[in-house]
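Working notes, beginning with the structure itself.
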Amino acid sequence: METIVRRLRPLLSNLRLRRIEPLWPRTLIGDPEQVNAVASGRRIHDVFRRGKYICIDLDGPRITVHLRMSGRLVFDPRPESQPHIRARIHFMESRCLVLVDPRKFARIRMWRAQEAFLPRLGPEPLRPETVRRALDGLATCRAVKTALLDQHVLAGIGNIYADEALFRARIHPRIPARELTIGQRSRLSAAVPQVLNAAIRRKGTTLNDYRDPDQRPGTFQQELKVYGRTGQPCFTCGTPLVRIVVGQRGTHFCPKCQKA
DNA sequence: CCTTAGTCCTGCATGC
DNA sequence: TGCATGCAGGACTAAG
């Protein structure tokens, strides 16, 4: 999302919104007529990211886009276009931002200025001190991996990056969050921002669907140590990596480096 | 409040 | 080859 926002910001700044056109009804939350009545004609003055939400601030209201797993944004697509277009955001300047999403999970939402923007999200996990504070605030017996994925605890960590951070911190994903030792907390606090910032430098992780608004893939998949490597040897110790389910999520780890 | 399970969806991998 | 089946997954909601 960070990579997408960085690409999107210069493309969208100062454009004036004409209309949001949902093609799959559930993609746009709320009544399209009302949404457009509020948002139409307004100028974009900021584009940024909060957690996994892309935020587009107009003069007053805010548009958020959540791409979930398979969503993509395409700016000014060629006329021949592509399948799975779920919504189009049209601008007065004859430009267009298209949401493509095979699985139909992505959502666009308009927020009025006076209402609280976004769900209650935890802090951004890009600095060790922030992550450390969040981990120390956890009194939960849930698995540490489940806590990392909880957007109320920290906002923006997805399944891939949770597995990668836990591997780098040498922590078993099922350890109850409140039972983490001081050493484990320190290692995880360092590992989470390390993984996320490295992925941002590599412009994201492209496994199947992910592309930036210019349709360029990321390259962080080359740096993955455990995610999607079930049965392959651990880069540290050679032990075959294991896949389990934690909090209904596929979870990849090294049974030797990440002891229970 | 805390936690878990179910829901939404389709493309792709797998197996017969 | 063709078909059926099962699985993945982020956030929300309902239920325990």
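By convention in this document, chain letters (A, B, ...) are assigned in the order of the sequence lines, proteins followed by strands, and residues within each chain are numbered from 1. No hydrogens, no waters, no symmetry mates; every other heavy atom, side chains included, goes into these values.
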Which nucleotide sits closest to the side chain of A:Lys104: B:dC8, C:dA11, B:dT10? B:dT10

Which nucleotide wins on minimum distance to the side chain of A:Phe105, given the candidates B:dG11, B:dT4, C:dG9? C:dG9

A:Met1 CE to C:dG9 C1', straight-line distance once rounded to whole Å: 13 Å

Indicate yes or no: does A:Asp57 engage A:Arg62 in a salt bridge with an N to O separation below 4.0 Å. yes

From the list C:dG9, C:dA11, B:dT4, which nucleotide is the closest neighbour of the side chain of A:Arg142? B:dT4

Whole-Å gap separating C1' (C:dC12) and CZ (A:Arg107): 10 Å

Is the A:His66 ring parallel, tilted or perpendicular to the A:Tyr53 ring (thresholds 30°, 60°)? perpendicular

Salt bridge check, A:Arg86 against A:Asp101: does any charged N sit closer than 4.0 Å to a carboxylate O? no

Just to verify, which of A:Arg142, A:Lys145, A:Arg249 counts as forming a salt bridge (Lys or Arg N to Asp or Glu O under 4.0 Å) with A:Asp150? A:Arg142

If pairing means Watson-Crick or G-U wobble with both distances under 3.5 Å, then the partner of C:dG16 is B:dC2

Does the side chain of A:Tyr161 pick up a donor-acceptor pair with the side chain of A:Thr205 at under 3.5 Å? yes

When you measure from the side chain of A:Arg249, which nucleotide among B:dT3, C:dA8, C:dA11 comes out closest? C:dA11

Tell me whether the side-chain N/O atoms of A:Trp24 come closer than 4.0 Å to OP1 or OP2 in B:dC9. yes

Rounded to whole Å, please give me the gap between CD1 in A:Ile54 and C1' in C:dG10. 14 Å

Does a side-chain N or O from A:His66 land closer than 4.0 Å to OP1 or OP2 of C:dA11, or not? yes

Just call it for A:Thr140: base, sugar-phosphate, or nothing, with non-hydrogen atoms closer than 4.0 Å on any strand. sugar-phosphate

Is A:Tyr227 close enough to C:dA8 that one of its side-chain N or O atoms is under 4.0 Å from OP1 or OP2 there? no

Below the 4.0 Å mark, does C:dG10 have OP1 or OP2 next to a side-chain nitrogen or oxygen of A:Lys52? no

Does A:Arg26 place a side-chain N or O at less than 4.0 Å from the phosphate oxygens OP1/OP2 of B:dC9? yes

Compare the minimum distances between each of C:dA11, C:dG9, B:dT3 and the side chain of A:Tyr53, then state the nucleotide with the smallest one. C:dA11

If the cut-off is 4.0 Å, is A:Ser70 near the phosphate of B:dT10, judged by side-chain N/O to OP1 or OP2? no

Using a cut-off of less than 4.0 Å, is there contact between a side-chain N or O of A:Arg243 and OP1 or OP2 of C:dA8? yes

When you match A:Gln151 and A:Val245 each to their closest nucleotide on DNA chain C, which lands nearer the 5' end? A:Val245

Please determine, for the side chain of A:Gln248, which listed nucleotide (B:dA5, C:dG10, C:dA8) has the closest atom? B:dA5

Whole-Å distance, A:Asp150 CG to C:dA11 C1', equals 11 Å

Strictly below 4.0 Å: does A:His84 bring a side-chain N or O up to OP1 or OP2 of B:dG11? yes

